[in-house]
Each structure stands twice: as C-alpha cells, then as structure tokens.
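Keep in mind that the numbers below use all heavy atoms, side chains included, and drop hydrogens, waters and symmetry copies. Reminder, nothing fancy here: chain letters follow the sequence lines and each chain counts from 1.
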Protein chains: 2
Amino acid sequence: MKNQALILLDTVERLGNLLRVGLRQSGIAQGLQPIHLQALLYLSEANRYSNTPQALAEYLGLTKGTVSQSLLLLARRRLIARHADEKDGRVVRLTLTDKGKEVLKELGLTNAWRDALQAASPARLSSATKVLKEALATLQARNGHRSFGVCLTCRHNLHIGPRSYVCGLTKEKLSSREVGKICREHSPVEENAV
Amino acid sequence: MKNQALILLDTVERLGNLLRVGLRQSGIAQGLQPIHLQALLYLSEANRYSNTPQALAEYLGLTKGTVSQSLLLLARRRLIARHADEKDGRVVRLTLTDKGKEVLKELGLTNAWRDALQAASPARLSSATKVLKEALATLQARNGHRSFGVCLTCRHNLHIGPRSYVCGLTKEKLSSREVGKICREHSPVEENAV
DNA sequence: CTCGAAACGTATCGAGTCGAAACCTTAAAG
DNA sequence: CTTTAAGGTTTCGACTCGATACGTTTCGAG
C-alpha cells in the first residue's frame, strides 16, 4: 500500500501538469508559451520591489539569462514595458502594458478551476490549502527558494493604523492595495501555535 | 479579498512549478529534461494496456509527434526499450530497461516531498487529497482527458475472489500487483454518496 | 476480396525554452 | 581609485513542442 503523502504528491503533480497543459492551450491563440503567461501573471501581482527580471527568474526558478529571452519576446509583442530604475541604473522595471492586462483578462484562466471547486465547502478548501502551504514553505526553505508571499503575511509588514502599513525592511509606506501583492523579500510570520 | 478557491489554485500552481523545477534539477546530472523523467515515471507505473507512445502522449497532454521525439532520446540512452506488439503490428510496447529503473531509483524524487509532509497528520493529508482529486477529475472530464487511475479504483475492475481480479473491459485476468498500476482505460467508480 | 478509412507511430520543420558561459554597465566596498 | 559584486543581455547548443506530412497495419463496407 502506498504512503498517504505519496498519493497526495501524485495528485498534485497530476494537477500541476494539467494546469500547465491548460496554460499551453490557452496561450496558443496568442502564440504564447506557458512561461509567458506565468510571467504576465507574476507581473500583474508583483509589488514595486519585485517587478524586475531577477525577481521573476527567482520566482520561476530559472536562470536570469533564460528569463531575459522570454522577456524579449513579451516586449516585442508589446505585452510588457521596460523602464530603467531611477535610483539604480542596473535594474530594469517591468510593467504590464494595457495590451498585456487585456490579454490576461480575456483568457480567464481561473474559470475552469473555480467551476471544478464550486462543490467543495470553504472549510475543506481552507484545510487543504493549509496542508499544501506547509509543504510549499518547507520545500522552498529546503531548496533556498524565496516564498514570494503577499505583504499581509510577511513579518516585515507593520500595520501602524487603519489602512496604514509600513514595510519594516525598506521603511516605506505601503498602500492597502499594495500589501495584497507579491514581494520578493517576503518572509513568513512564525506560526508556532496551530 | 480573494476567493478561497483561488488561493488554493495559487498554491497548487506554485507547488506544481516547484516540483517541475525540482525535476529539472534532478535530471541535470543525467542530462535529462523534466519530460524525460515524467515519461520514465509513467512507464514504471503503467500496466500492460498503457505502455505505448499514444498512452503516454495522452497522459502528458502532448501530441504523439512530440512524445515520439522524447522517446527517441530515451531509447538512445538505453533507458527504455521498444518492442513491436505481437498481435497488433501498429503498436509499440515501451518498457524500462534495468538502467532506466536504476536511474529512477537513484534520483529518489519523492524524498523531499515525504520530508515536507512528515509533520502533517494522515487525516489531514487524506482530506486534502480528496479535495484535489475531485478538482482533478472535474478538470479532466471537462477537457476530455482520461483519468489514468489504477485498476483498484476503476469501475471495469472485477474482484472475483481473494487476490483474483478480472478487467471487465478486456475480460483478462489481472494479478494483484497489476491492479495497482495505471491504466489508460481507467474510468472512476461513481461515488454518489459522500 | 478489395478498397478506403481509421489508428498507431515516425520524420521534418520552425519557433521557442533552457542552462552555461561570456560580457557589459552600474553600484558598492576597500 | 581599484576591486568586487550585482543586474541584465547576448550567444551557443541541445531539446521541447505543435503542425504537418508520411508510412504501415488494421478494420469495415460493399
């Protein structure tokens, strides 16, 4: 009999594969590969500290050279824009163009998933999410990967008042919209209690 | 605030991506791509109805032409063997060579996952698995994909005695070892009751 | 029995991914 | 001011991947 953890692994691998195939299928109309859609999705969620080629490479687990190639294509298609950073001449800031946002919206990548889970109760979804997040955090830590969570779950984030936040790392104020975005410097809060 | 289902989707996508990156990392020493390891893993689990290029293509969600290329490489490296089917001259049977089995064993692909989940209780793992399997089945059905489950969970499988099984589709006897393998013709049993 | 359609597999082509390595520019450190 | 490091780009070769065309074998209809 197979270990319970391995059955879950099989299921997650299968789902991951299916999602990737779905991504490929979705991108065909636009002539985009899965990695391109993943990059667009990331940039639509990345905060101002994390919208760079290097951060994207870390997020995707690829080398910077590889990512540079894919970004070249996205820029050629006018789906993203590149701007030099004002303070640091080495870094490039990546933003979605209106066309890029439009493409993401039209694809509606989450519809099928939402439908597939509409029968499940929120409590069970929440429980499953918790298990997987633990596994994810452990695997990321073990392999030296960053967690790329949102500021709201980051221990650097300081909630100094109603709708008023400050990042303890950069000492900068963050809007209530921005604390829901993904950050490269994210470090999860310790959760010793269950 | 984000939908609970979407948070789970994010987590699964992230995990799927991480597993893929891990697969890539694992294969580097052997000069193998993720898809090669996936093919080897599939063949190590496929039953006698499912060890063909066509079945593998359906399992991976790729075209047969693409899979044919990857199989060429695996055969060149002597990780798989191809044999013509005795009854049907069109089909090719794929089997892992001893070297292929050895490579899989040495990689130990499941160790990290097992460690990451050792703290979780079997009950919670089981609950999470159930949610994800429902989502997987729904997505597969919706996209016209096969489920590729094991005979033990297939409605064609007949348990006619202690350690004695027959596939209702092919009318052939199956060993108790074989009913734990993956089948292309798998069709899940109906589960109306929870 | 023969002809045609369907199924399984292979070969070829072009666009793109991907890591490795070399390289450039800017920033930081001494 | 020199060295070192960091962010990005470029180039190279092996490989993926879909599309398409092709060859073989099987099966069914007349």
Side-chain angles (χ1 to χ4, degrees), chain A residues 17 20-40 46 49-77 79-94 146 184-185, chain B residues 17 20-40 49-77 79-94 184-185:
Chain A
N17 209 55
R20 187 182 173 80
V21 168
L23 224 48
R24 181 176 299 282
Q25 194 60 35
S26 300
I28 284 184
Q30 305 278 344
L32 296 175
Q33 307 264 336
I35 199 70
H36 299 142
L37 297 182
Q38 288 183 296
L40 294 180
Y49 307 130
S50 314
N51 57 351
T52 69
Q54 181 65 43
L56 177 58
E58 290 169 2
Y59 180 82
L60 296 172
L62 304 175
T63 64
K64 55 183 181 172
T66 295
V67 169
S68 187
Q69 287 306 305
S70 300
L71 290 175
L72 212 59
L73 181 147
L74 290 175
R76 222 160 42 213
R77 303 269 173 91
L79 299 174
I80 63 170
R82 312 157 97 128
H83 299 289
D85 186 274
E86 297 177 354
K87 296 175 186 166
D88 189 332
R90 293 172 301 180
V91 329
V92 171
R93 297 290 165 189
L94 304 168
R146 297 175 189 268
R184 181 187 180 188
E185 306 294 345
Chain B
N17 208 57
R20 186 181 173 81
V21 168
L23 224 48
R24 181 177 298 281
Q25 194 60 36
S26 300
I28 283 184
Q30 305 279 345
L32 296 175
Q33 306 267 333
I35 198 71
H36 299 142
L37 297 182
Q38 287 184 296
L40 294 180
Y49 307 132
S50 314
N51 57 351
T52 69
Q54 181 65 43
L56 178 58
E58 291 169 1
Y59 179 82
L60 296 173
L62 304 174
T63 64
K64 54 182 180 172
T66 294
V67 169
S68 187
Q69 287 307 303
S70 300
L71 290 175
L72 213 58
L73 181 146
L74 290 175
R76 221 160 43 213
R77 305 267 174 90
L79 299 175
I80 64 170
R82 311 157 99 130
H83 299 288
D85 186 272
E86 296 178 354
K87 296 175 184 167
D88 189 333
R90 294 171 300 181
V91 330
V92 170
R93 297 289 165 189
L94 305 168
R184 181 187 180 190
E185 305 294 346

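- Rounding to the nearest 0.5 Å places CZ of A:Arg20 at 11.5 Å from CG of B:Leu60.
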Worksheet item: Can you list the steps and then say if A:Glu58 with A:Lys64 is a salt bridge (charged side-chain N to carboxylate O under 4.0 Å, His left out)?
Response: CA-CA 8 Å; A:Glu58 290 169 2; A:Lys64 55 183 181 172; over 6 Å; no
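- Residue A:Arg77 places at least one side-chain N or O under 4.0 Å from the OP1 or OP2 atom of C:dG16.
- You'll find the side chain of B:Ile35 reaches within 4.5 Å of the side chain of B:Gln38, heavy atoms only.
- Between A:Tyr59 atom OH and D:dG7 atom P the separation is 20 Å, expressed in whole Å.
- Note: CD (A:Gln33) to P (D:dT16) measures 13 Å, nearest angstrom.
- To the nearest 0.5 Å, atom CZ of residue A:Arg82 and atom CG of residue A:Leu72 are 5.5 Å apart.
- In this structure, CZ of A:Arg76 is placed 13 Å from C1' of C:dT17, rounded to the nearest angstrom.
- At whole-Å resolution of the value, CG in A:Asp85 and C1' in C:dT25 are 14 Å apart.
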Worksheet item: In B/S/- notation, 5' to 3', how is nucleotides 4-12 of chain C contacted by protein heavy atoms closer than 4.0 Å?
Response: ---BBBBBB
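- OP1 or OP2 of D:dC17 has not a single side-chain nitrogen or oxygen of B:Thr63 nearer than 4.0 Å.
- In this structure, NZ of A:Lys87 is placed 17 Å from P of D:dG7, rounded to the nearest angstrom.
- Atom CG in A:Asn17 sits about 14 Å away from atom C1' in D:dC17, given to the nearest Å.
- Protein atom CG of A:Leu32 is 15 Å distant from nucleotide atom C1' of D:dG18, rounded to whole Å.
- With contacts defined as side-chain heavy-atom distances shorter than 4.5 Å, the pair B:Leu56/B:Leu71 qualifies.
- If you find the closest nucleotide of DNA chain C to A:Val67 and to A:Leu73, the one lying nearer the 5' end belongs to A:Leu73.
- Atom CD of B:Gln30 is separated from atom P of D:dC15 by 14 Å (rounded to the nearest Å).
- B:Arg77 places no side-chain N or O within 3.5 Å of a backbone atom of B:Leu32 that could act as its donor or acceptor partner.
- Here the side chains of B:Thr52 and B:Arg93 are in contact, with some heavy-atom distance below 4.5 Å.
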